[in-house]
Amino acid sequence: MSSRFPDPGADERAHSDRLLTRLREEIAAHGPMPFSQYMERCLYAPGLGYYSAGKTKFGEAGDFITAPELGDLFARCVVNAAYPVIEMLGESADFLELGGGSGSFAEAALKAFAANGSIPRRYYILEPSADLRERQRDRLAAALPPELFAHVLWLDRPPEQDWQGVLFANEVIDALPTTRFVMREGEIYEEYVALDGEGRLMRVDRPADALVSGAVRHVERDLEAEFPDGYRSEILPQLPYWIQAIAGSLTAGVMLFIDYGHVRREYYLPERNDGTLRAYYRHRSHNDPLYFPGLNDLTASVDFTALAEAGNSAGFGVAGYMPQAQFLIGSGLQDVFGASYEAAADETTRYNLAQQVKKLTLPEQMGERFQVMLFARGMEVLPLPADVLEADQGDRL
């Protein structure tokens, strides 16, 4: 593995070793841990997890690039879809971004809201990572006028009081700690992380509990087919509870999720028999989640059929489902690009704008790999752009 990847520096190795020591101690004390628990520790352990420590995550200097890091076209299109909802709900409407990343989306979105003349009462950023929260605060304080920055408020847990507005999440669900399951002679097993005889991490399978078994059997019933022996994949039995937790207090408004994934019948294809779990380290993708814990982003694709079911169970209706390219085009990408292109100061800027569009919309880039799902609740009229509503492919779910 190390021959294919840049070697971590001494500080990175020390950081990973600290997390590894904690994982070993926990496994030694309590026995093998479910893979979902291991993933949670690797990503979110305070001070040690991938998203909880100080290393740069996003952009060229990090391990991966998200759509907001490419430039502001993405955020401006999202705002084109969101601001009519904010306008309709009036002065009490808020915008909640789950996981603020580097702060690039919030910066571009707030400027776009201001340009459109409909600024949310509050722009909430739900960010459990103290390190990322400080980075976001520093960036936005420097980039925004004081009167616009005053709308931003950070949360470390979902709102408990009822609220109205728009909830937005880009590449969030793929980072939820996922359960790995495997079929053995018709029975369901769950993947765990254990220690071998020399104290090294290893993956083992144990009989699944009722929650995991029930979730897998539900998928089999929906697909009208049983998984074959040896088939291994991911599932999120906690997804309905997670949606209820993050959006249960949203009484009127829209939820907008953007992530890479598939509808269920494409997610669980027979040939995809080792699931979708991937690790990312310095812009390189690999399939060993035990490699230097705490230094890799761990992620799994989203089953959008499961997301639709979870939203429905939380009291929302699916308002739209489509590839990212169709959503962005329906949300005015051509006009946004045209205005930016005309205002560009030089050819380099124009070239970069064209590259943004290609990466956001081409099928082999983000255009088809990323999907968009919209939910609505408590609204008699859904003021989404007509082209977005016409692009709906919800019948594929």
Side-chain angles (χ1 to χ4, degrees), residues 23 26-27 29-45 49 98 128 157-158 169 172-194 201-248 255 257 259 261-265 267-269 272-278 289-290 298-316 318 373 375 397:
L23 290 168
E26 193 168 349
I27 293 171
H30 304 289
M33 64 172 58
F35 181 84
S36 58
Q37 186 177 332
Y38 169 81
M39 182 171 171
E40 188 275 333
R41 301 291 194 271
C42 287
L43 295 181
Y44 305 110
L98 299 186
R157 59 178 61 88
V172 171
I173 297 179
D174 66 84
L176 293 181
T178 189
T179 295
R180 295 265 290 171
F181 72 90
V182 64
M183 304 302 297
R184 297 197 183 282
E185 298 180 348
E187 298 298 322
I188 302 166
Y189 284 72
E190 182 178 352
E191 189 173 299
Y192 279 66
V193 176
L201 299 180
M202 61 181 292
R203 293 191 274 178
V204 299
D205 299 324
R206 295 180 135 195
D209 63 19
L211 180 64
V212 173
S213 294
V216 174
R217 295 302 186 199
H218 168 74
V219 170
E220 288 184 320
R221 288 192 297 271
D222 192 38
L223 295 174
E224 298 181 336
E226 294 183 356
F227 290 117
D229 190 57
Y231 192 92
R232 189 181 298 268
S233 191
E234 299 85 31
I235 199 162
L236 288 173
Q238 78 273 28
L239 190 57
Y241 311 104
W242 182 82
I243 290 287
Q244 182 62 43
I246 60 111
M255 297 194 299
F257 293 94
D259 225 315
H262 317 274
V263 295
R264 177 168 289 154
R265 65 179 178 274
Y267 192 105
Y268 295 108
L269 288 172
R272 192 172 280 128
N273 57 9
D274 194 32
T276 67
L277 180 72
R278 303 298 295 169
L290 307 184
L298 302 180
T299 176
S301 297
V302 176
D303 172 0
F304 276 92
T305 305
L307 179 59
E309 291 172 345
N312 289 340
S313 71
F316 291 82
V318 176
M373 181 164 281
F375 294 94
L397 295 168

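No hydrogens, no waters, no symmetry mates; every other heavy atom, side chains included, goes into these values. Source: prediction; values computed, not measured.
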Test side chain to side chain contact (heavy atoms under 4.5 Å, CB included) applied to Leu307 and Phe375, step by step: CA-CA 10 Å; Leu307 179 59; Phe375 294 94; 4.1 Å; yes
Run the side chain to side chain contact (heavy atoms under 4.5 Å, CB included) test on Met373 and Phe304 for me, step by step, so that the C-alpha distance in whole Å, both residues' side-chain angles and the decisive distance to 0.1 Å come before the verdict. CA-CA 8 Å; Met373 181 164 281; Phe304 276 92; 4.1 Å; yes
Verdict with supporting geometry, Val193 and Leu23, side chain to side chain contact (heavy atoms under 4.5 Å, CB included): CA-CA 9 Å; Val193 176; Leu23 290 168; over 6 Å; no
Val263/Tyr268 under side chain to side chain contact (heavy atoms under 4.5 Å, CB included): CA gap, chis, key distance, verdict: CA-CA 9 Å; Val263 295; Tyr268 295 108; over 6 Å; no
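Shown here are the ring pair (Phe, Tyr, Trp, His ring centres under 6.0 Å) partners of Tyr231, two or more places apart in sequence or in another chain: Phe227. Partners of Glu40 according to the side-chain contact (heavy atoms from CB on, under 4.5 Å) rule, which considers only residues two or more places apart in sequence or in another chain, are Tyr44, Pro177. Residues satisfying the salt bridge (charged side-chain N to carboxylate O under 4.0 Å, His left out) test with Asp205, not counting sequence neighbours, are Arg184, Arg232. The ring pair (Phe, Tyr, Trp, His ring centres under 6.0 Å) check on Tyr241 picks up nothing, with sequence neighbours excluded. For Tyr267, the side chain to side chain donor-acceptor pair (under 3.5 Å) partners are Glu234, Thr276, not counting sequence neighbours. Applying the salt bridge (charged side-chain N to carboxylate O under 4.0 Å, His left out) test to Glu220 and every residue at least two apart in sequence or in another chain returns Arg217.
Once rounded to the nearest 0.5 Å, the distance linking CG of Leu176 with CG of Leu298 reads 13.0 Å. Distance check, rounded to the nearest 0.5 Å: CG of Asp259 to CG of Asp174 gives 4.0 Å. Taking CG of Leu239 as the reference point, atom OG of Ser313 lies at 8.0 Å (rounded to 0.5 Å). Rounding to the nearest 0.5 angstrom, the gap separating the CD atom in Glu187 from the OG atom in Ser213 is 8.0 Å. Distance check: Leu397 CG to Asp303 CG gives 9.5 Å after rounding to the nearest 0.5 Å. Between the OG atom in Ser233 and the CG atom in Asp274 there is a gap of 8.5 Å [rounded to 0.5 Å].
Using a 4.0 Å cut-off between a side-chain N of Lys or Arg and a carboxylate O of Asp or Glu, Glu224 and Arg265 do not qualify as a salt bridge. A salt bridge is absent between Glu191 and Arg206: the closest approach of a Lys/Arg side-chain nitrogen to an acidic carboxylate oxygen does not fall below 4.0 angstrom.
Under the 4.5 Å side-chain criterion, counting only non-hydrogen atoms from C-beta, Tyr38 is in contact with Met33. Between Arg272 and His262 there is a side-chain heavy-atom pair separated by less than 4.5 Å. Considering only heavy atoms from C-beta on, Arg221 stays 4.5 Å or farther from Glu226 through its side chain. With a 4.5 Å cut-off on side-chain heavy atoms, Asn312 and Phe316 do not count as touching. Counting only heavy atoms from C-beta outward, the side chains of Phe257 and Ile173 approach each other to under 4.5 Å. Side-chain atoms of Pro34 and Gln37, non-hydrogen and from C-beta on, do get closer than 4.5 Å to each other. Looking at heavy atoms from C-beta onward, Ser36 lies out of side-chain contact with Thr178 at the 4.5 angstrom threshold.
Of all the heavy atoms in Ala175 and Leu43, the pair that sits closest is O-CD1, 3.5 Å. When all heavy atoms of Pro237 and Val212 are compared, the pair lying nearest together is CG-CG2, 4.4 Å. Closest of all the heavy-atom pairs between Ala245 and Pro158 is O-CB, 3.3 Å.
Residue Val219 forms a side chain to side chain contact (heavy atoms under 4.5 Å, CB included) with just one option from Asp222, Leu223, Val216, and that option is Leu223.
Judged by distance alone, the side chain of Ser301 and the main-chain N or O of Gly261 form no donor-acceptor pair under 3.5 Å. Panel note: side chain Arg180, backbone Leu277; no donor-acceptor pair is recorded below 3.5 Å.
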